[in-house]
Structures are given as structure tokens and as C-alpha cells.
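The structure appears right after this line, and notes come after that.
For this chain, numbers begin at 1 and follow the sequence in order. Since the model is a prediction, treat every value here as computed from it, not as a measurement. These numbers come from the heavy atoms of this one structure, side chains and all, not from hydrogens, waters or symmetry mates. For ligands, and for the atoms within them, numbers begin at 1 and follow the listed sequence.
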Amino acid sequence: MNQLQEIARKLIDDNKGILAADESLKTMTKRLAAVGVESTLENRSLWRQIMVETEGIENYISGIILYDETLRHPLPNGKMISDILKVKGILIGIKTDEGTYKFNEGEETFTLGLDRLETRYKEYKLMGAVFAKWRAVYKVGKSFPSKTVLVANAIGLAQYALMTQRAGLMPIVEPEVLVLEGDHNIEVSEKATEEVLETVFEWLTKFKVDLSGILLKPNMVLAGKNNSHQPLIEEIVNRTIKVFRETVPPEVPGIVFLSGGLGPEEATTYLKEMNHRYKNKVPWRLSFSYGRALQQEALKAWSGKPENVKEAQKLFFERCQKVSAACS
Ligand code: 13P
């Protein structure tokens with residue numbers, strides 16, 4: 001097994017998965033505002049410190065994706081987050097994309113950040129990062145995703161994956177179809193997700209990315225939240241796996257889902273059902289790389305108050321435990 005395959009395996013073995021704590025400044029500001037906390041560097045770091053200091057999470061969490069500022073600055077307790085994670089045996093990941101650029105009359109986006117990637121990787125490696133994440137976003141609708149956005153984002157993901165592997169880091173490839181946004185039915189999401197993944201793997205292959213040294217981070221196939229017919233869990237799980245069977249090569253070691261706006265319970269239940277029905281029947285490990293679904297309950301419980309830290313850590317621990325159990 002080469003080094004990249006080893007990192008990928010470590011991230012998905014033993015029913016463990018990934019915590020996405022790499023919210024950009026803008027996104028983290030929104031998340032903190034929702035619980036009445038001002039978005040200062042101190043508060044953003046404090047929240048991340050509360051999560052990583054939760055005792056025992058290393059039994060469920062194999063890796064954490066961080067945002068640049070969290071890796072760069074000491075936490076409020078004076079320690080570097082990388083030192084805390086190393087002691088716990090949790091692998092360090094870094095968000096490398098630098099947001100999105102609007103085109104098609106502002107309706108669709110492609111992802112920015114390739115320009116300085118090689119230089120940034122030199123620094124991130126010194127700071128302890130061993131894997132990376134790059135997110136491309138796709139809208140679903142009558143004329144979305146367009147052919148142009150499919151190709152533009154697939155090329156971006158392929159360039160990123162190639163550069164990441166060459167730098168010696170394991171790339172998480174994240175093409176996120178915003179399936180919950182809108183009133184479309186589940187068939188529309190299925191078709192969009194299939195087109196996206198097909199194009200992504202076409203370009204990963206063309207760029208000769210080693211597919212055994214990546215993890216795929218996709219959405220589940222869901223109906224738009226404003227559609228009056230909400231599918232049953234079996235349909236969600238079956239359609240999601242059907243799309244992967246048609247598009248994801250067997251060399252890919254693992255699929256780590258994003259939660260994409262699903263609540264913590266839904267994200268946990270869907271993953272559990274996915275593993276219940278398909279574990280060992282598909283070539284890839286089915287695990288998680290959740291942001292909101294892991295953090296939401298704990299962040300709300302904390303709401304910026306020191307007296308709530310214990311309760312927040314308890315809820316965070318329990319959610320990590322439940323999501324990990326959903327992989328078993
Ligand atoms: P969510 O689980 O909140 O969708 O976040 C995952 C992520 O990393 C988005 O880029």
C-alpha cells in the first residue's frame with residue numbers, strides 16, 4: 001500500500017469518519033450568528049477548541065478538515081490545534097479551495113484556488129496536514145447543472161487531485177450537488193448527481209489521478225426540500241447507491257458523505273441504512289465527512305457561554321459516537 005492509500009484507509013477504517021470543521025470565514029460567521037455569537041478569531045478558534053478537546057472523539061473521528069486560520073493560529077488555550085490532534089492520533093486535513101466564482105448570469109459557479117496550491121501545500125505539510133479537501137458546487141434545476149459547469153468543475157477537481165497527490169497529500173474530492181435546494185423530485189437529483197459524478201471521474205481518469213489514493217465526498221440523492229413528495233429512506237438509499245454503482249470506480253477506497261443541510265438525526269439514519277443494506281456489497285467503504293450534522297446540536301448548546309461547554313461537548317461526543325455506529 002502506498003502512502004496515499006494508507007492515509008485514505010486510516011480515515012475510513014474501524015467505522016471512523018471525518019469531521020469537517022473547515023467552514024470559511026463567511027460560513028463560520030453565519031453559523032455563529034445563528035447562535036448569537038460574534039465572529040471573532042477568538043470565538044471561531046474557541047468553538048474549534050471545544051470540539052477537539054472533547055474527550056474520546058478519537059474513537060469515532062479519524063480526521064478533521066481545518067480552515068487555514070485554525071491551523072495557523074494558536075487556540076485560545078495557547079496550543080496549536082495540530083499538536084492536540086497529533087496526541088489524539090487524528091489526521092489533519094486542510095480545505096484548499098478558495099471559494100467560488102459566479103458565471104452563467106450568476107446562476108452557477110466554478111471553484112477558485114489552484115494558483116497558489118503548490119506553495120500552500122509546502123506550508124501546510126510543515127504544519128502537519130496529510131490530506132486535503134476541494135469542493136465544487138452544483139445547482140439543480142431545469143437547466144442545471146449546465147454542461148459548462150459540469151466540465152469546468154470536473155477539470156478543477158482533477159487538477160486539484162493531481163496536484164495534491166504530487167505534493168504527497170491525500171485528496172478528498174467533493175462535488176456537492178445542492179440537492180435539497182428547490183422543489184424538484186428525487187429523479188431530478190439522481191440524474192444531476194449521476195451526470196456530475198460521471199464527468200468528475202472522466203476527468204480524474206484523464207488527468208491520471210490515482211483513484212486508489214482519493215476519497216470521494218458526495219451528496220446523498222434526495223428530493224428538493226420543497227417537493228411535496230418526500231421519498232422514503234429506502235428510496236433515498238437505493239437511488240444513492242445505484243448512482244455510485246454506475247459512476248464510481250471500484251478502486252476508490254471510500255465514499256465519505258457530506259451532510260448538506262440534513263439534520264443530525266437524518267444524516268445519521270440515512271448513513272446507517274446505507275451501511276445496513278449495502279456494507280460489503282459495494283467495493284467502497286461508506287462513511288462520513290459531516291460538518292453541520294456533527295456540529296449543529298453542540299454549537300447550539302454552547303451558544304458562546306462558558307457554562308455550556310460541558311453540555312456542548314457531551315452532545316458533540318454523542319453525535320460522533322452515533323454517526324460512527326452508523327458505519328458499523
Ligand atoms: P456539511 O456536512 O455541513 O454539508 O459540510 C460538509 C462540507 O465539508 C461542505 O464542504
For Ser259, atoms of ligand 1 separated by under 4.0 Å from a heavy atom: 1 (P), 2 (O), 3 (O), 4 (O)
Gln295 heavy atom under 4.0 Å from ligand 1: no
Select the closest option to atom 8 (O) of ligand 1 among Glu23, Lys217, Arg135, judged by heavy-atom distance. Lys217
Carboxylate-amine/guanidinium contact Glu181 Lys225, below 4.0 Å: yes
Look at atom 3 (O) of ligand 1 and find which of Glu176, Glu174, Arg292 reaches it with the closest heavy atom. Arg292
Does Asn275 reach the main-chain N or O of Ser328 with its side chain, forming a donor-acceptor pair under 3.5 Å? no
Would Ala293 count as a contact of ligand 1 if the rule is a heavy atom under 4.0 Å away? no
Using a 4.0 Å heavy-atom cut-off, which part of Ala20 comes near ligand 1: side chain, backbone, both, or neither? side chain
Under 4.0 Å from a heavy atom of Tyr290: give me the atoms of ligand 1 that qualify, with their elements. 2 (O)
Heavy-atom check, side chain of Met220 versus side chain of Leu262, under 4.5 Å: yes
Would you mind checking if Lys206 and Glu202 are paired as a salt bridge, meaning a charged N to carboxylate O distance below 4.0 Å? yes
Which residue and atom name correspond to the protein heavy atom nearest atom 10 (O) of ligand 1, and how close is it? Lys133 NZ, 2.6 Å
Donor-acceptor side-chain pairing of Thr111 and Arg135 below 3.5 angstrom: no
